[in-house]
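Here's the structure we're looking at; comments come further down.
All values reported here derive from a predicted model rather than from experimental measurement. First the proteins, then the strands, lettered A, B, ... as listed; each starts at 1. What you see below is based on every heavy atom in this structure, not just the backbone, and it leaves out hydrogens, waters and symmetry mates.
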Amino acid sequence: VHAQGIEVKSASFNAGDDYYVLEAQFDIALTHTLEEALNKGVSLYFLLEFELIRPRWYCSNERVIGFSQQHRLSYNALTRQYRSGDRQSSS
Amino acid sequence: MSFSSLAEALEVMSRVSRRQDVEPGTIRREHYTAGIRMRLDTSQLAEAVPIERARFARVVYRLGLVQVAGDPRDVAAMTGAPVKAPAWLRYVLVLVVALAASRSFLLATATAITTLFAQRYPDIARIERRSGFRARAARRVSAVYLATQASLAVFGSQLTRDLLSCLRSSESCLAH
C-alpha cells in the first residue's frame with residue numbers, strides 16, 4: 001500500500017425522535033512507512049470524529065451531536081495477527 | 001478483534017455503523033450541517049515516524065464539514081465538500097473589498113490633480129469619514145463572525161482561518 005490519507009467513500013445519517021443512525025465507509029490507505037512501522041510493533045491510532053451542527057445566523061452555531069472514537073491498530077509478531085480495538089467519547 | 005492480514009483489519013476499520021439514543025427532540029425538522037472524518041491520531045504516533053506525522057496532519061483538512069440539506073430525519077447520503085463561508089458573508093467581504101478599492105482609487109486620482117483636490121478637500125474628507133466608518137464596521141462584523149466560527153468548528157475551515165488572519169492584518173494595517 002503506497003497511497004496516503006483517509007477519504008470518505010460514503011456516509012449517511014438518519015434520525016428518529018430519540019435516536020440516530022450513522023453509517024460511513026472510508027478508504028484507508030497506509031503509506032509504506034506506516035505499514036512498516038506497524039509491522040515492527042508500532043501501534044497506530046485512528047480517530048473517527050462526527051458532529052452535527054445547527055447553524056444559527058443570530059448566534060454561534062449549536063453543536064447538537066458530537067463524538068470521537070479512537071481505533072487502535074497493532075500487530076503482534078508472535079501470533080502474526082493484526083488487532084484492532086476502539087474507545088469512544090461523546091459530547 | 002484479530003485479523004490475519006492488514007487488508008482485513010483496514011476493511012473492518014473503514015466501516016462505521018453506529019446507532020445512538022438521544023433525548024427526544026434533540027434532532028428537529030431543521031437544517032443541519034454534519035461533518036465526519038477519520039484521521040490518523042498523530043499525537044499518538046510514535047516519534048519514530050515523524051514524516052508521517054506531518055503528512056497525516058495535513059490530511060485532516062481534506063475532509064471538511066458537509067452540508068446536509070433537506071429533512072435531517074431522512075438524509076440519505078452525505079458527500080464530501082469543502083467548507084464555504086455563508087453567501088451573505090461573501091457578499092459583505094466583496095463589498096468591503098470593492099469599497100476599499102474604490103476609495104483608494106478615488107483618493108489616488110484626487111491627490112494627483114492638486115488644484116481640484118484642494119477645492120474638493122472638504123467633500124473628500126466627508127465621504128472618507130462616512131465610507132471609512134462603514135468599511136470598518138463591516139470588517140469588524142465579519143471578523144467577529146469568523147472568529148466565532150473558527151472557535152467553534154471542530155473541523156475548522158482553512159478558508160475561515162485565512163479570511164480571519166486577512167481581516168486582522170488589514171485592521172492592524174489600517175490602524176497604523
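Using a 4.5 Å cut-off between heavy atoms, A:R83 contacts chain B through both its backbone and its side chain.
Interface check for chain B: of the options A:L38, A:N39, A:D27, A:L73, the most heavy-atom pairs under 4.5 Å are formed by A:L73. Each of B:E11, B:E8, B:M13 has some count of heavy-atom pairs under 4.5 Å with chain A, and the biggest count is that of B:M13.
Put simply, the side chain of B:S14 gets close to the backbone of B:L10: a donor and an acceptor are under 3.5 Å apart. Side chain of A:N14 to main chain of A:V21: no donor-acceptor pair is present (N/O by atom type, distance under 3.5 Å, no hydrogens or angles).
The aromatic rings of A:F67 and A:F50 lie tilted to each other, with the angle between the two planes from 30° to 60°.
A cation-pi arrangement is not found for B:R15 relative to A:F26, the charged atom failing to lie both closer than 6.0 Å to the ring centre and inside a 45° cone about the ring normal.
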